Every structure is written in C-alpha cells, then in structure tokens.
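Notes to accompany the following structure.
The structure presented is a predicted model; accordingly, all values stated were derived computationally and were not measured. Labels below follow one simple rule: chain letters A, B, ... track the order of the sequence lines, proteins then strands, and each chain is numbered from 1.
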Amino acid sequence: MSKFQNQVTIIYQKLYDLYGPQGWWPLINLNSTNPYKTGAIRGYHPGNYDLPQERKDIYEVILGAILTQNTSWLQAENALLNLNELNAIVPEKLLGLDDEILKLAIRCAGFLNQKSIYLMEITRFFIELDGRVPTRKKLLGVKGVGNETADSILLYAYKQAEFVVDTYTKRLFSHLGIVDENIKYMELKELFESNLPKDTSIYNEYHALIVEHAKRYYSKKPYGVDDPLKSMLID
DNA sequence: AACCAGGACGTGA
DNA sequence: TCACGTCATGGT
C-alpha cells in the first residue's frame, strides 16, 4: 500500500467520522418521503445514493453544477429556486425563456452573462442526450463545462465513478504536504481514483466531505489553522 | 473594505 | 502548454 493510498483512506475515514454522510447533491424538490426537506439541510439526502432518479432532478443537478461555479452553493440554490418559480427546471421550458428573464433569475449566482449562455448550451446538450449518459469527453465539449463541472455532472447527476477535484481538494491536500501545490487537475483526479475503490458512493461522499472540511479550515488565510487532520499526519 | 465563493474561457507568450 | 486577465453578485 502506497503512502498516498494510506493517507487518502485515513483522511476519508476521519472526515466521515467528523461530519457523517453529506447527502449530496442537494435537490430543491425532494419527494415527500424524504425526511430532509426543511431547515439547514434542506435538499440534502444523507445516506441515499439513489438520487437523482427522475429526469427533472438529473437536469436540476446539471443546472446547479453550472450555477455554483466559483459561487457559494447558497447563491446557486437561490438561482435554482428562482428558476423553479418560473417552472424552468424543465429543459424545454428553460430554452424558451426570455434571455433577460433568465439572467434576472440567475443574477444572484453571479457571472449572469456567461452562465445564461452556459445554461442554454448544456440544456441543448441534455436534450440531445435523450436520457443517455454522456461521456466525459462530450461533456467537456460543451461551452461552460470544464473538468470539475464535467466530473460533478457525471458523479452527482449520473452516478458515474468520476472523482471530483476542486480548489479545496488541491488546497487541502497540498497544505497537508501530500501532493505538490502545482499538481494538475487530471493528475490529482487520477491519484484519487487509482488509490480508492472505484465506488460511486465513496467518490460522492469524499468530495462532499472535503468541501465541508475545507469550508471550515481552508477558506481564510492562513489556511489549516486548527485543522484536526494535521494531528494524524504524523507517520 | 478587501477577500472569497463547490470555475471556465480567451488571449498571448 | 501555461500564466494571466476577465467574468459579477453577495456574504463576511
């Protein structure tokens, strides 16, 4: 067992012990059988890895993946709620939306000019898919979909075992001295994927746990102050 | 009042 | 390939 494999496994277990299952990806309209519908964890569904199922929910995850780019999830969620008020979390409806109305709805998530275009692009792509699971390469061909968004869509909308790397992932693991701070997206992604079981639910939890942990200890500088992970890295 | 948020794209070297 | 500027609103 490599040192990296050892570290990522231990860190995953530690984060899971600290925060528990995260219930990603949050959905604004869960069916009534889901207990996590209100309050601080609205939309999250911890322990349930079968979501999303319905076309509408898959589409919602995709929209959220675009909307949350370089933006807090709270604002992305507000944008989704606005779209939902317009009954626009339906591909055909969103395509027919007036440009100014779309921008007004997603304004709170920032980058409204770019994201309005991106949402239209990914929506056309989604309709063409006609229910099929997209390849990573095809997703990357859509304007507005980069590495992280592609992996987020594949993992959280389509339940494909694609590990999601984000700035928090890089920041956390480089700060802990596990990888170089200049490591490339694909390098870090492959490092995780080759050292973890190819398991969708584990990829799902791990990325969500990294975000939860990094929000607490790696949002403001200096990074990593009081990070409880540090005390376990003495090997 | 600067800094950051669950990034991606276009440009020029 | 790679560094760098740009995109934009809202919270802390």
Side-chain angles (χ1 to χ4, degrees), chain A residues 15 19 21-28 40-46 51-52 60-83 99-123 125 136-158 162-175 180-189 192 203-225:
Chain A
L15 290 177
Y19 308 117
Q22 297 299 296
W24 279 35
W25 186 287
L27 294 166
I28 61 177
I41 53 173
R42 172 197 305 155
Y44 292 85
H45 41 88
L51 296 173
E60 181 187 320
V61 173
I62 293 172
L63 295 183
I66 299 286
L67 288 168
T68 197
Q69 288 172 357
N70 204 37
T71 302
S72 71
W73 173 253
L74 185 62
Q75 302 303 146
E77 184 180 68
N78 286 332
L80 283 175
L81 290 170
N82 290 340
L83 290 174
D99 187 54
E100 291 307 314
I101 294 186
L102 174 58
K103 286 180 180 174
L104 184 59
I106 68 172
R107 178 181 191 281
C108 54
F111 304 102
L112 67 170
N113 294 310
Q114 301 187 101
K115 286 180 180 175
S116 61
I117 296 173
Y118 296 170
L119 292 180
M120 289 293 189
E121 295 288 318
I122 196 66
T123 298
F125 179 77
R136 191 172 192 279
K137 191 169 184 178
K138 290 258 189 183
L139 266 175
L140 288 173
V142 180
K143 187 185 297 290
V145 178
N147 277 318
E148 185 186 342
T149 304
D151 287 331
S152 291
I153 289 173
L154 288 168
L155 178 60
Y156 291 108
Y158 290 100
E162 298 283 350
F163 198 89
V164 178
V165 171
D166 70 338
T167 52
Y168 282 145
T169 312
K170 251 183 232 181
R171 191 181 295 168
L172 173 61
F173 282 80
S174 63
H175 183 87
D180 188 278
E181 59 179 346
N182 293 320
I183 191 168
K184 302 298 179 190
Y185 184 97
M186 292 307 291
E187 290 179 334
L188 190 49
K189 170 182 169 69
F192 278 102
Y203 288 9
N204 179 317
E205 286 296 353
Y206 209 159
H207 174 66
L209 287 165
I210 288 170
V211 172
E212 177 59 31
H213 184 70
K215 275 182 181 172
R216 301 177 184 226
Y217 300 101
Y218 292 84
S219 286
K220 49 179 184 283
K221 295 178 180 178
Y223 296 141
V225 177

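The aromatic rings of A:H213 and A:Y19 sit tilted relative to each other, their planes meeting at an angle between 30° and 60°.
Nucleic acid contact class of A:F111 (heavy atoms, under 4.0 Å, all strands): base. When heavy atoms are screened at a 4.0 angstrom cut-off, A:E148 is found touching the sugar-phosphate backbone but no base atom. Heavy atoms of A:V164 sit nowhere under 4.0 angstrom from any nucleic acid atom. Backbone-only contact: A:K184 has heavy atoms under 4.0 Å from sugar-phosphate atoms and none from a base. A:T167 comes within 4.0 angstrom of the backbone, heavy atoms only, and of no base. Across all strands shown, A:K220 has no heavy atoms under 4.0 Å from either base or sugar-phosphate atoms. Among the atoms of the strands shown, base atoms are found under 4.0 Å from some heavy atom of A:G110. As judged by a 4.0 angstrom heavy-atom cut-off over every strand, A:N78 is placed among residues making no nucleic acid contact. Across all strands shown, A:V142 has heavy atoms under 4.0 Å from sugar-phosphate atoms exclusively, and none from any base. A:K143 comes within contact range of the sugar-phosphate backbone alone, with a heavy-atom separation under 4.0 Å but no base atom that close.
Spacing between atom OH of A:Y168 and atom C1' of B:dA5 amounts to 6 Å, rounded to whole angstrom units. Summarising the geometry, the separation between CG on A:N70 and C1' on C:dT6 is reported as 11 Å, rounded to the nearest angstrom. Atoms CD (A:E187) and P (C:dT1) sit 12 Å apart, rounded to a whole Å. A:K115 places its NZ atom 12 Å from the P atom of C:dG10, with the value rounded to the nearest Å.
The salt bridge (Lys or Arg N to Asp or Glu O under 4.0 Å) check on A:K138 picks up nothing, with sequence neighbours excluded.
Counting heavy atoms from C-beta on, the side chains of A:L102 and A:L83 come closer than 4.5 Å.
Judged by distance alone, with hydrogens and angles left aside, A:Y218 brings no side-chain donor or acceptor close enough to the base of B:dG6 to form a pair under 3.5 Å.
Not one N or O on the side chain of A:T68 forms a donor-acceptor pair closer than 3.5 Å with the backbone of A:G64.
Straight-line distance between the P atoms of B:dA8 and C:dG10: roughly 22 Å, to the nearest whole Å. One C1' atom belongs to B:dG6, the other to C:dG5, and the distance between them is 23 Å to the nearest Å.
Sequence order on DNA chain B of the closest nucleotides to A:K221 and A:N147 puts A:K221 first from the 5' end.
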